[in-house]
Structure formats: structure tokens, C-alpha cells
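One structure is given below, encoded as C-alpha cells.
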Amino acid sequence: MPELPEVEVLRRSLEPHLVGDRIERVEVHNAALREPVDRATLVRHAAGREVEALRRRGKYLLINLSGGRTVVVHLGMSGRLTLVPAGTPPEPHEHVALHLRSGGRLRFRDPRRFGVVFSLPTAALAGDPHFSHLGAEPLEPGFDGAFLARAAAGRRGPVKPFLMDGTVVVGIGNIYATETLFRAGVHPRRSVARLSAARWERVAAEAVQVLSAAIHQGGTTLNDFADGEGNSGYFQVSLGVYGREGEACPACEGPIRRIVQAGRSTFYCPRCQR
DNA sequence: CGGGCGGCCTGGAGGC
DNA sequence: TGCCTCCAGGCCGCCC
């Protein structure tokens, strides 16, 4: 489900509710996520702590707590984090719940269990293996065509999986890589070795544009994404090619094609993307 | 070393 | 209705 825009929308929706509140109790109903949830450490780090800030790194949501601890949540493919009133009965696949002093709880629900929940000292974040290899934040200064061109130097593969490589740039998943290349007019199979500086500039600019627009529209809800208050996004109506195999290209009316790259669906317009 | 692919899971959609 | 296959927004480890 979630790429950078969805996690950022989630962060913004939760921030006003969580900051200043306190986690009274931690419940782990099912520890068998992609990485086993370390219940004892999570309880020790989170229980009784105040929420100081909500941050984001790539697709990771960071809940900064008092005492220099941070709870990290990654939604995987099907994860959802929502605030529900106290007494709301647990849902199927509600694996972790953080009960708040103000009443209610922050529930983590994830049918496919590709998500991750863990905690650590805030000072250890940068050196943690989840984060230490991560690339640039696309919405922060320094992310531009020259950066991408440098990162691509010496590489050969197609540009679409390159954009999804988190060691290069974080937060761009299958939807936004697809849409970025459509907007930039670049064929998803084009080799990164064969993109001009001007093309890289265009790719970087369109990535920033599409991510920002998606955040502004509350994210993309294809199936079940919702923010912390349960609101759906509506950027899906602005998708140019993703999920539209056989439909007319919004620019040239030609049929949109679907191919598979690195095991993932890619949609593109063969006429507009070269 | 970089890139491709399978695997991790469940559930929904669509074909028969 | 039921059963089967395919597909899904991420990421890691293994392989070449």
C-alpha cells in the first residue's frame, strides 16, 4: 500500500493527536510480522513514555518518545495504523496496539504481515541496519537531476527499478516510479547509462512533483489505504498510467501497456515514453 | 558489485 | 456457489 506520500499523509494525520500524549500500555497480539516483534523491548521502550514528535524516513514512520526512545513502524504492503476510541473491539490482524493516556489506542493492523514494528534508542537510528543504507529523501534539498546522474554512474540497468532502489532514493515505490517516468516521458526500460543530464533533471523534477501532489491529495487509495483517522486519499484519480493497461493514454490517447520489471508491474505509454 | 527473481503472507477479483 | 489462478502499494536474501 504505502509509499512515501501515504506514510507522510499518515504522519501528518497522527501528529496533532499523538504529540503530547502518552503511551500507557503496549499490547502485542501477534509478533509474527516480517521481523518478529520484540515485545519485551517494545514494552520497555514505549510504556509510560510521552510522544514528543512524529517523523518519517523514507517509508518508515518514527514515533519519537521521551527518554530518547523511538518506535518505528513500517506498513509493508497491507499495514494500517489508525487511532480508534477506547473500547473499540480488536479487529482481525490487529497485531500491535498502543494504548494512550487520552483514551483510545493506536492500532497496527496488517493482514499480509509484511510490516515491521520495533523500537530503539533514538540516538541509534542512523546506525541501525534498517536506516544506515538508505538513500536520499526526494523532498529534501539535494535531490535533483545531478544527484540521480551521480548515483547512476557506472550502473547499467533499467531506470524504473533504479528509481525504486532505496539505497539511491527512498520512498518511491511501484506506483510513483511508474508515474514519474510517465510524466517525464522516459521509457521504463531505458538504461540508466543512456539518460542525458537534462533527462535526469526532468525525472527528478517529476518525482518531486508527483510525490508532492499525492501528499496534497491525501495519498493514493487503490484498495485500502487510509490515514490515521481513517480517511481515504484521492490521488488515484490523478494517476496517468498506473493500473490502466489497455486504457487510453491521457496525453496521446494511445493504449497504455503493461510489462513486468524485476517482478513488478510497470505501466507506460509507448508513444509518450521513449 | 549490481541486478533479477523467488519468497514471505493474506485476501480480493475474475475465470470456469 | 465453489474452486482455482493471478495479482497486490515492500523488502530481503540468494543467485548469476
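Worth saying up front: this structure is predicted, and the values here are computed from it rather than measured. Hydrogens, waters and symmetry mates are skipped; everything else that's a heavy atom, side chains included, is used. Residue numbers begin at 1 in each chain, while the letters A, B, ... track the order of the sequences.
One can place CG of A:N174 at 11 Å from P of C:dC11, the figure rounded to the nearest angstrom. The CG atom of A:L222 sits 16 Å away from the P atom of B:dG12 (whole-angstrom rounding). Rounded to whole Å, the distance from CE on A:M77 to C1' on B:dG11 is 12 Å. Following rounding to the nearest Å, A:E6 (CD) and C:dA8 (C1') show an atom-to-atom distance of 14 Å. The CZ-P distance, from A:F162 to B:dG2, rounds to 11 Å in whole Å. For the pair A:F118 CZ and C:dC12 P, the interatomic distance rounds to 11 Å; values are reported in whole Å. As rounded to whole Å, 15 Å separates atom C1' of C:dA8 from atom CD of A:E245. Remark: C1' of C:dG9 and OH of A:Y176 are 9 Å apart, rounded to the nearest angstrom.
A:I63 contributes atom CD1, which lies 11.5 Å from atom OG1 of A:T122 (distance to the nearest 0.5 angstrom). A:R258 CZ to A:E245 CD: the interatomic distance, rounded to the nearest 0.5 Å, is 6.0 Å.
Remark: A:R12 engages A:E8 in a salt bridge (charged side-chain N to carboxylate O under 4.0 Å, His left out) (not counting sequence neighbours).
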In the 5'-to-3' direction, what one-character label does each nucleotide of nucleotides 4-10 of chain B receive under the scheme B = base within less than 4.0 Å of a protein heavy atom, S = sugar-phosphate only, - = no such atom?
SS--BBB
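Under the side chain to side chain contact (heavy atoms under 4.5 Å, CB included) test applied with A:L14, the options A:T82, A:D227, A:L54, A:V9 reduce to a single match, A:L54. The only option from A:E91, A:H93, A:E94 that meets the side chain to side chain donor-acceptor pair (under 3.5 Å) definition with A:R109 turns out to be A:E91.
The pair A:R56-A:E137 meets the salt-bridge criterion, with a side-chain N (NZ, NE, NH1 or NH2) lying under 4.0 Å from an Asp/Glu carboxylate O.
Listed nucleotides C:dC11, C:dC7, C:dG9 differ in distance to A:R258; the shortest reach to its side chain belongs to C:dC7.
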State the dot-bracket string of DNA chain B. Criteria: Watson-Crick or G-U wobble, both atom distances under 3.5 angstrom; notation: ( ) intrastrand, [ ] crossing earlier pairs, | interstrand, . unpaired.
.|||||||.|||||||
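Between A:F267 and A:Y242, the two ring planes are perpendicular [angle over 60°; tilted spans 30° to 60°]. Classification of the A:F235-A:Y176 ring pair by plane angle, with boundaries at 30° and 60°, yields tilted.
Going from the P atom of B:dG6 to that of C:dC6 covers 13 Å, rounded to whole Å.
Heavy atoms of A:Y242 sit under 4.0 angstrom from primed sugar atoms or phosphate atoms, though from no base atom. Counting any heavy atom pair closer than 4.0 Å across all strands shown, A:N223 reaches a base atom.
A side-chain N or O of A:T266 and one of A:Q261 form a donor-acceptor pair less than 3.5 Å apart.
Using a 4.0 Å cut-off, no side-chain N or O of A:S78 falls inside it from OP1 or OP2 of B:dG11.
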